[in-house]
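Below: one structure, written as structure tokens.
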Amino acid sequence: MFEVSADRSQSNAEKYSKRQKLFGTNDVLPLWVADMDIDTPNFVLNAIKKRLEHPLFGYEEMPTSAFEAQIKWMKKHHGLILKREDMFFSPSVLTSLNLSIQTFSDEGDEIIIQTPVYGAFANSILKNNRTVLENPLLENKGDYTFNFKDLTEKINPKTKLLILCSPHNPVGRVWTKEELLTLASICLKHHILIIADEIHCDLTFQKHTPFASLSTKIAQQTITLLSPAKTFNISGLAISSINIANKTLKEQFTKNYQAIYLGEGNSLAHVAFEAAYTHGEAWLKLLKVHLLKNIASLEQQLKEKKSKIKFKTPEATFLLWLDCRALHLEDEALAQYFIDKKLGLSPGITFGTGGTGYMRLNIAVSTKALKYIKL
Ligand SMILES: Cc1ncc(COP(=O)(O)O)c(C=O)c1O
């Protein structure tokens with residue numbers, strides 16, 4: 001099923017179109033953006049085709065059945081209870097994140113991120129004139145954990161929000177219930193609101209615990225951002241959800257949400273979203289097997305070559321966090337090292353503190369494309 005995938009080079013795929021700009025050449029296999037070079041599953045494509053049979057694309061609202069499909073999925077797969085009245089449509093998790101920052105903090109406030117982490121977190125904070133408060137993860141031989149001591153010491157009256165990446169991009173952690181409970185207790189104690197970005201929650205190789213499922217009290221202090229985009233490769237359709245259980249926060253959010261008017265998404269995205277959450281289970285199982293096979297194959301390659309590059313098998317995501325520190329290259333030279341191997345990766349430094357000497361590689365490719373990844 002995942003032997004080959006469609007050629008994306010002529011389809012406006014950002015991963016391909018920005019190669020010259022980012023890598024100085026088009027002659028690289030793009031393994032940077034976190035979408036998959038794996039075809040969107042047929043049950044999603046079929047739902048879109050069916051919708052296309054209806055020859056009219058006037059205004060639509062996001063159907064209740066689509067929200068219900070996500071509610072059912074999240075309950076069944078993650079034990080998270082969502083309620084329709086707490087859910088908002090958003091075209092992307094980053095839109096939701098920026099709007100949450102604007103709603104729940106003021107200019108000059110501090111927002112915690114746990115680096116190395118998805119670079120758009122810091123950008124979103126800075127673009128909204130807030131201050132990034134880095135609480136770097138602790139690393140030990142490739143294993144990453146939260147640094148609660150550092151977190152507790154850094155929190156001050158200006159600290160308002162914590163953006164949690166769960167599961168974590170790029171280090172691939174699925175945070176345990178115990179880790180999340182400790183994090184929650186610190187946030188509750190200091191009245192810090194948690195924005196839980198759980199976009200990668202379905203691409204997990206072990207059990208994911210939604211932050212808002214930890215307790216009712218914690219759910220009341222959490223904004224959960226969810227999306228089928230990564231899992232079913234539909235980022236280009238621009239659809240996701242924002243979930244806010246706390247009544248006061250929801251009212252506050254609704255004001256800003258209405259003030260910018262995001263609309264209710266597009267007709268094709270609605271049916272794709274619903275189909276993904278309704279029919280996705282069996283395909284997702286197969287996808288995970290494929291991803292693990294790709295990961296194992298790359299591990300084997302590094303072993304056979306006695307490479308100085310190392311990585312820990314991720315607990316989630318199709319992203320490999322390559323530890324290249326033993327190559328002793330400056331970050332710019334390190335990026336060039338991979339470009340010379342015709343590979344376009346994401347430099348570790350774009351993920352903040354803790355990223356120097358690392359590169360992130362997207363392993364979500366077909367079996368055929370995998371053969372071109374030679375580290
Ligand atoms: C943790 C995380 N959040 C958000 C996004 C972007 O999501 P969206 O395209 O829905 O804005 C990504 C994409 O890589 C991501 O890894």
Practice problem: Count the heavy atoms belonging to other residues, nucleotides or ligands that lie under 6.0 Å from CD of Gln206, then report whether that count exceeds 12. | Solution: yes
Quiz item: Ile163, Leu133: one ILVMFWY side-chain cluster at the under-4.5 Å cut-off?
Solution: no
Exercise. Evaluate the ring planes of Phe351 and Trp321, with Trp represented by its six-membered ring, and classify them as parallel (under 30°), tilted (30 to 60°) or perpendicular (over 60°).
Key: perpendicular
Quiz item: Is NZ or CZ of Arg8 both nearer than 6.0 Å to the six-membered ring centre of Tyr16 and within 45° of the ring axis?
Solution: no
Practice problem: Take atom CD of Glu332 as the centre, draw a 6.0 Å sphere, and report whether it contains more than 12 heavy atoms from other residues, nucleotides or ligands. | Solution: no
Quiz item: Are any side-chain N or O atoms of Arg130 and backbone N or O atoms of Ser105, one a donor and one an acceptor, separated by less than 3.5 Å?
Solution: yes
Quiz item: Excluding sequence neighbours, so at least two apart, what forms salt bridge (charged side-chain N to carboxylate O under 4.0 Å, His left out) with Glu251?
Solution: Lys247
Quiz item: Any sub-3.5 Å donor-acceptor pair from Arg19's side-chain atoms to Ser17's backbone N or O?
Solution: no
Exercise. Might you confirm whether atom NZ of Lys75 has over 12 heavy atoms from other residues, nucleotides or ligands at distances under 6.0 Å?
Key: no
Quiz item: Same cluster for Leu164 and Ile195 if Ile/Leu/Val/Met/Phe/Trp/Tyr side chains link at under 4.5 Å?
Solution: no
Quiz item: Linking Ile, Leu, Val, Met, Phe, Trp and Tyr by side-chain heavy atoms under 4.5 Å, what else ends up with Val174?
Solution: none
Practice problem: Work out which heavy atom in Thr231 is nearest to a heavy atom in Leu287; give both atom names and the distance. | Solution: O-CD2, 3.8 Å
Self-check item: Connected-component partners of Val33 among ILVMFWY, side-chain separation under 4.5 Å
Solution: Leu22, Phe23, Val28, Trp32, Ile339
Exercise. Decide if atom NZ of Lys305 counts as having more than 12 heavy atoms of other residues, nucleotides or ligands within a radius under 6.0 Å.
Key: yes
Self-check item: Side-chain donor or acceptor of His290 paired with backbone N/O of Lys285 under 3.5 Å
Solution: no
Practice problem: Check whether any side-chain heavy atom of Asp202 lies under 4.5 Å from a side-chain heavy atom of Leu284, and answer yes or no. | Solution: yes
Self-check item: CD/Glu330: more than 12 non-hydrogen atoms of other groups inside 6.0 Å
Solution: no
Quiz item: Should the heavy atoms of other residues, nucleotides or ligands under 6.0 Å from CZ of Phe57 be counted, would the total exceed 12?
Solution: yes
Quiz item: Do Thr224 and Glu198 have side-chain atoms, one donor and one acceptor, less than 3.5 Å apart?
Solution: no
Quiz prompt | Shared hydrophobic cluster, Leu291 / Ile199 (ILVMFWY, side-chain heavy atoms < 4.5 Å) | solution = yes
Practice problem: Give a yes or no on this: more than 12 heavy atoms of other residues, nucleotides or ligands lie within 6.0 Å of atom CG of Asn156. | Solution: yes
Self-check item: Lys310 atom NZ: more than 12 heavy-atom contacts under 6.0 Å
Solution: no
Practice problem: For Glu299, enumerate each residue passing the side chain to side chain donor-acceptor pair (under 3.5 Å) test, keeping only those at least two apart in sequence or located in another chain. | Solution: Thr313
Self-check item: Charged tip of Lys230 within 45° of Phe232 ring normal and under 6.0 Å
Solution: no
Exercise. Indicate yes or no for a side-chain donor-acceptor contact from Asp39 to the backbone of Ala6 under 3.5 Å, with no hydrogens or angles considered.
Key: yes
Quiz item: Taking only residues two or more places apart in sequence or in another chain, which ones pass ring-ring contact (aromatic ring centres under 6.0 Å, His included) with His279?
Solution: none
Quiz item: Which residues pass the salt bridge (charged side-chain N to carboxylate O under 4.0 Å, His left out) test with Glu68, sequence neighbours left out?
Solution: none
Self-check item: Aromatic ring pairing Tyr118/Phe121, orientation class (parallel under 30°, perpendicular over 60°, tilted between)
Solution: perpendicular
